[in-house]
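Step one of this worksheet: look at the structure below.
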Amino acid sequence: MRDFIDDVKIKAILEKSRNPDKQEIRAIMEKSRKKIRLEPEETAKLIQVEDEELLEEMYALAGEIKQSVYGNRVVFFAPLYIGNKCINNCLYCGFRRDNTSVERKTLTMNELEEEVLTLERQGQKRLILVYGEHPDYDADFMCETIRKVYETKTGPGEIRRVNINAAPLEVEGYKKLHEVGIGTFQIFQETYHHETYAKLHPAGDMKSDYQWRLYGLDRAAEGGIDDLGIGALFGLYDWRFEVMGLLYHTIHLEEKFGVGPHTISFPRIEPAIDTPFNQELKYRVSDKDFKKIITVLRLSVPYTGMILTAREPAPIRNELIPVGVTQLDAGSRIAIGGYKQSEIGQIPEKEQFQLGDMRSLDEVIAKVAELGFIPSFCTAGYRCGRTGEHFMAFAKPGTVHSFCIPNAILTFKEYLLDYASEETLKAGNKLIAENLKRIGEENPKQREIIESRLIMVEEGIRDVFI
Ligand code: SAM
Ligand code: SF4
């Protein structure tokens with residue numbers, strides 16, 4: 001069976017797009033400005049831009065598009081690793097089956113509860129649960145862990161949205177997760193390049209089946225999951241090819257389900273304990289190309305969330321937020337049981353790879369606020385049915401501003417009152433005041449609505465949203 005990734009065609013399009021003409025690039029950018037998803041031939045031309053002046057224009061436009069679709073907010077979440085047992089041998093991953101340097105561990109329900117309590121006490125509201133691929137981690141087990149997370153609460157602390165990053169399931173499995181109530185299901189294709197995929201995922205492993213993975217999110221949609229997260233692991237193959245792969249995946253989901261992915265992730269490969277493959281990467285992505293990847297994706301798929309994880313060091317995250325990133329994890333610990341031992345930092349023998357950004361949630365929030373972005377813990381979209389197709393219909397006319405910005409302000413205020421350090425509280429209140437002033441100038445009624453809700457939050461009412 002052929003799939004929707006045609007390697008030969010992608011290479012041919014990229015080859016044909018070399019040395020693009022300036023006028024042509026500016027015409028493509030006009031299409032992006034109108035927030036129309038680009039065609040592969042157009043994206044390939046953006047990929048091939050080397051001219052510094054044009055690149056600067058592209059970065060600026062990416063920021064403008066993000067601002068117009070999502071506003072000046074950044075959504076926060078944290079990863080929570082449930083277990084690192086794995087039956088696969090992906091060459092780049094610290095959790096691979098043959099890696100004897102890793103301590104294998106699955107959280108018990110009590111340990112999971114402790115991890116969630118720690119996260120809630122830091123102010124987290126949204127988690128992504130991560131699992132190795134193992135028969136112990138079937139859909140029923142995942143459901144048990146998700147239920148546990150939702151029912152664990154402390155004071156004003158609760159987790160309001162659970163996303164999942166796990167191996168692809170059968171439709172029946174996704175149905176079970178949908179019933180328990182998850183947000184996004186993420187599957188990264190790792191590399192869209194068939195030949196490289198086969199080299200990195202040894203034959204006979206579950207993960208060696210490229211198409212099982214490629215259509216994993218189709219089955220998720222069939223199982224009722226609205227929000228699908230795609231991604232590629234950058235550094236395994238030529239980044240230009242992977243960006244094209246992500247676009248073709250987007251187009252496939254749009255054509256089949258009427259709506260593209262909810263989020264795109266673009267992790268770069270990081271070192272992992274006893275994982276020599278990651279030391280000599282032929283396709284390692286430079287910081288400059290990484291910025292281009294995010295920019296081209298933002299211009300090509302304007303309506304999709306874009307996630308920049310704590311794999312990246314703080315200065316890179318600070319620089320790239322304005323180029324179109326919509327979600328950040330912060331205060332992340334990825335060792336199994338790592339939140340309880342937060343102060344230790346990295347614990348390589350329990351981790352899949354090394355993180356680049358070990359700042360606390362409060363530190364990242366303070367920085368993001370300083371950059372002028374409103375940190376958001378909003379989960380209303382998911383609970384108001386603003387997901388999947390509905391989200392896109394809702395996002396397209398730009399009305400996100402009527403809900404998402406107010407809800408960002410309200411959830412940020414909750415964070416400030418319940419968890420922030422004194423400096424963050426001060427900086428956050430200033431940011432909220434500036435935003436209210438701006439909103440009031442554009443739409444006085446809107447400001448009144450937000451202010452009345454803010455009074456509720458100040459009076460101690462929680463989970464207030466519009
Ligand atoms: N085990 C499941 C799977 O492979 O689909 C769940 C996801 S895995 C725990 C999460 C993701 O981490 C992988 O899809 C991969 O993209 C990424 N990853 C693996 N090794 C990595 C490394 N060395 N550096 C950065 N990201 C890595
Ligand atoms: Fe296992 Fe996932 Fe790591 Fe592959 S990437 S070895 S499937 S945990």
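Atoms considered below: every heavy atom in the structure, side chains included; atoms not considered: hydrogens, waters and symmetry mates. One-based numbering, in listed order, for ligands and for the atoms of each.
- Using cut-offs of 30° and 60° for the angle between ring planes, the F377 and Y415 rings count as parallel.
- Between the side chains of T106 and Y131, no donor N or O sits under 3.5 Å from an acceptor N or O.
- Per-residue contacts place R213 under 4.0 angstrom from the following atoms of ligand 1 (heavy atoms of the residue considered): 3 (C), 4 (O), 5 (O), 14 (O).
- Of all atoms in ligand 1, listed by their number and element, those nearer than 4.0 Å to a heavy atom of A167 are 2 (C), 5 (O).
- Y283 and H193 form no side-chain donor-acceptor contact under 3.5 Å, judged by distance and modelled atom types alone.
- Counting atoms of ligand 1 from 1 in the listed order, those under 4.0 Å from a heavy atom of G132 are 1 (N).
- Judged by distance alone, the side chains of Q352 and Y81 do bring a donor and an acceptor atom under 3.5 Å apart.
- The backbone of A166, and not its side chain, has at least one atom closer than 4.0 Å to an atom of ligand 1 (non-hydrogen atoms only; backbone = N, CA, C, O).
- Regarding atom 8 (S) of ligand 1, its nearest protein heavy-atom neighbour is Q352 NE2, 3.2 Å.
- A distance of 6.0 Å or more separates the ring centres of F373 and F412.
- Which parts of ligand 1 touch V130 is read off a 4.0 Å heavy-atom cut-off, strictly below it: atoms 9 (C).
- Of the polar atoms of Y81, none of the N or O atoms is found under 3.5 Å from an N or O of ligand 1, judged by distance alone.
- Aromatic pair Y197/Y210: centroids less than 6.0 angstrom apart.
- Taking the six-membered ring wherever Trp is involved, the centroid distance between the rings of Y174 and F185 falls below 6.0 Å.
- Counting heavy atoms closer than 4.0 Å to ligand 2, residue K207 contributes side-chain atoms (C-beta onward) but none from N, CA, C or O.
- Closest to atom 3 (Fe) of ligand 2, if we only count protein heavy atoms, is C93 SG, 2.4 Å.
- Between the side chains of H252 and D218, at least one donor N or O lies within less than 3.5 Å of an accepting N or O.
- Proximity of N165 to ligand 1 is established by a heavy-atom distance of less than 4.0 Å.
- For ligand 1, the atoms sitting less than 4.0 Å from at least one non-hydrogen atom of Y131 are 1 (N), 2 (C), 6 (C), 9 (C), numbered in the order shown with element in parentheses.
- Under 3.5 Å, the side chains of E242 and T191 contain a donor-acceptor pair of N or O atoms.
- A donor-acceptor pair shorter than 3.5 Å can be found between the side chains of R161 and T184.
- Salt bridge present: R97 and D205 bring a charged side-chain N and a carboxylate O closer than 4.0 Å.
- When only non-hydrogen protein atoms are considered, atom 4 (O) of ligand 1 lies nearest to K207 NZ, 2.7 Å.
- Contacts with ligand 1 closer than 4.0 Å are made by no heavy atom of F95, backbone or side chain.
- Ligand 1 places these atoms under 4.0 Å from at least one heavy atom of Y92: 19 (C), 20 (N), 22 (C), 23 (N).
- Summarising the geometry, atom CD belonging to Q327 is positioned 9.5 Å from atom CG belonging to D329; distances are rounded to the nearest 0.5 Å.
- Only side-chain heavy atoms of N278 come within less than 4.0 Å of ligand 1; its backbone N, CA, C and O stay farther off.
- Atoms of ligand 2 lying under 4.0 Å from any heavy atom of C86, numbered from 1 in the order shown and given with element: 1 (Fe), 6 (S), 7 (S), 8 (S).
- In F188, the part holding a heavy atom less than 4.0 Å from any atom of ligand 1 is the side chain.
- Ranking the protein heavy atoms by distance from atom 25 (C) of ligand 1 puts R311 NE, 3.2 Å first.
- Between E414 and R160 a salt bridge is recorded (basic side-chain N to carboxylate O distance below 4.0 Å).
- Residue contacts with ligand 1 for R268 involve N, CA, C or O but no side-chain atom from C-beta outward (heavy atoms, distance under 4.0 Å).
- When non-hydrogen atoms are compared, ligand 1 lies under 4.0 Å from neither the backbone nor the side chain of E351.
- Counting the atoms of ligand 1 from 1 in the order shown, those under 4.0 Å from a heavy atom of C93 are 20 (N).
- The protein atom (non-hydrogen) at minimum distance from atom 7 (S) of ligand 2 is N88 ND2, 3.3 Å.
- Counting the atoms of ligand 2 from 1 in the order shown, those under 4.0 Å from a heavy atom of C90 are 4 (Fe), 5 (S), 6 (S), 7 (S).
- A side-chain donor-acceptor contact under 3.5 Å links S68 and K35.
- Taking atom 21 (C) of ligand 1 as the reference point, the nearest protein heavy-atom neighbour is F353 CD2, 3.6 Å.
- Atoms of ligand 1 lying under 4.0 Å from at least one heavy atom of E270, given by number and element, are 22 (C), 23 (N), 24 (N), 25 (C).
- Under the 3.5 Å distance criterion, with hydrogens and angles disregarded, a donor-acceptor pair is assigned to the side chains of R96 and T275.
- The shortest contact between atom 13 (C) of ligand 1 and any protein heavy atom is with E190 OE2, 3.3 Å.
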